[in-house]
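Here the structure is laid out as structure tokens; the discussion comes afterwards.
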Amino acid sequence: MNKFVFLSLLVTLISSTIGTNTYAEDKNINIKEKNKFIVTEVLDGDTLKGVISGEKYATIRLADIDCPEFSKKSNGKLSKQAKEWNMEQDEVVKLGKKSKEKLASLLKLYEENISFVETPEKVCKTGNGDRLVGILYAKDINVNEFMLKEAKCRPFSCNGK
């Protein structure tokens, strides 16, 4: 990573840490509920695989956000998202690749200090019931909020669908 890209990412990370715990405060989530999370794979801008507390392998979905699809092989999600977001599919894919890269870069910077808090929300009936839903933290950065602010992701709610 060249110095300019690293410095740009660092400035973005520092500026995004202001007010990063509003979701946890709004949802009355106890900070003691954070579990260490080791990332094994970033699937897209809002879904990851990893190990929770050194013992449970899991796929997690970031709560309350929807990031752009990064692949044209997304079983109809891409066309639906392109229509909802009023964009061309290629444009959504381009944004999706950038959001996945942004998430991966952030987590790489803090790979030794990542934690996860499971929330009671579940992803709307998508057939992916094996995923945990929650808030991911990279040190003190609320990753869910970071992705909303910095990676072209959008708020998501089952009630809004």
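Note that this is a predicted model, so its numbers are computed, not measured.
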*Is it true that a side-chain atom of Glu69 and a backbone atom of Ala82 form a donor plus acceptor pair closer than 3.5 Å?*
no
_Rounded at 0.5 Å granularity, tell me how far NZ in Lys97 sits from OG in Ser71._
8.0 Å
*asked:* To the closest 0.5 Å, what do you measure between OG (Ser115) and CD1 (Ile38)?
replied: 12.0 Å
_Evaluate Glu150 against Leu106 for side chain to side chain contact (heavy atoms under 4.5 Å, CB included), listing each step before the verdict._
CA-CA 11 Å; Glu150 305 296 334; Leu106 172 66; over 6 Å; no
*Kindly compute the distance separating OH (Tyr137) from CG (Asn142), expressed to the nearest 0.5 Å.*
5.0 Å
*Among the clusters formed by ILVMFWY side chains lying less than 4.5 Å apart, do Leu136 and Phe70 turn up in the same one?*
no
*Side-chain heavy atoms under 4.5 angstrom apart, residues restricted to Ile, Leu, Val, Met, Phe, Trp, Tyr: same cluster for Ile52 and Val143?*
yes
*Under 3.5 Å, side chain of Ser79 to main-chain N/O of Gly76, donor-acceptor pair present?*
yes
*asked:* Please report the interatomic distance CZ(Phe146) to SG(Cys153), rounded to the nearest 0.5 Å.
replied: 9.5 Å
*Would a 4.5 Å heavy-atom cut-off, applied to side chains only, mark Asn35 and Lys56 as touching?*
no
*Taking atom CG of Asp64 and atom CD of Glu145, what is their separation to the nearest 0.5 Å?*
10.0 Å
_Minimum heavy-atom distance Lys36-Glu112, with the two atoms named_ = NZ-O, 3.1 Å
*Might you point out which heavy atoms bring Thr119 and Gly134 nearest each other, and give the distance in Å?*
OG1-CA, 3.6 Å
*Determine the sole option in Val42, Thr47, Asp46 for which the side chain to side chain contact (heavy atoms under 4.5 Å, CB included) test with Lys100 is passed.*
Val42
_Side chains of Phe37 and Val51 in contact at under 4.5 Å (non-hydrogen atoms)_ = no
_Set out, in order, the CA-CA distance, both residues' side-chain angles and the distance that settles side chain to side chain contact (heavy atoms under 4.5 Å, CB included) for Lys94 and Lys98, then state yes or no._
CA-CA 6 Å; Lys94 187 176 179 181; Lys98 286 182 181 180; 4.2 Å; yes
_Nearest atoms (heavy-atom pairs only) where Pro68 meets Ser99_ = CD-OG, 3.9 Å
*For the pair Asn144 (side chain) and Ala63 (backbone), establish whether a donor and an acceptor sit closer than 3.5 Å, ignoring hydrogens and angles.*
yes
*Does Leu43 share a hydrophobic cluster with Phe156, counting links as ILVMFWY side-chain heavy atoms below 4.5 Å and allowing steps through other members?*
no
*Does atom CD of Glu88 have more than 12 heavy-atom neighbours, drawn from other residues, nucleotides or ligands, at distances under 6.0 Å?*
no
_For Lys83, I'd like to know if atom NZ has over 12 heavy atoms of other residues, nucleotides or ligands within 6.0 Å._
no
_Glu111 with Lys108: basic N within carboxylate O range, under 4.0 Å_ = yes
*Can you see which heavy atom on Tyr110 is nearest to which on Ile141, and at what distance?*
CE1-CD1, 3.8 Å
*asked:* Just verifying a value: how many Å separate Leu103 CG and Asp44 CG, rounded to the nearest 0.5 Å?
replied: 8.5 Å
*Pick one: which of Thr59, Thr40, Ile60 meets side chain to side chain contact (heavy atoms under 4.5 Å, CB included) with Leu48?*
Ile60
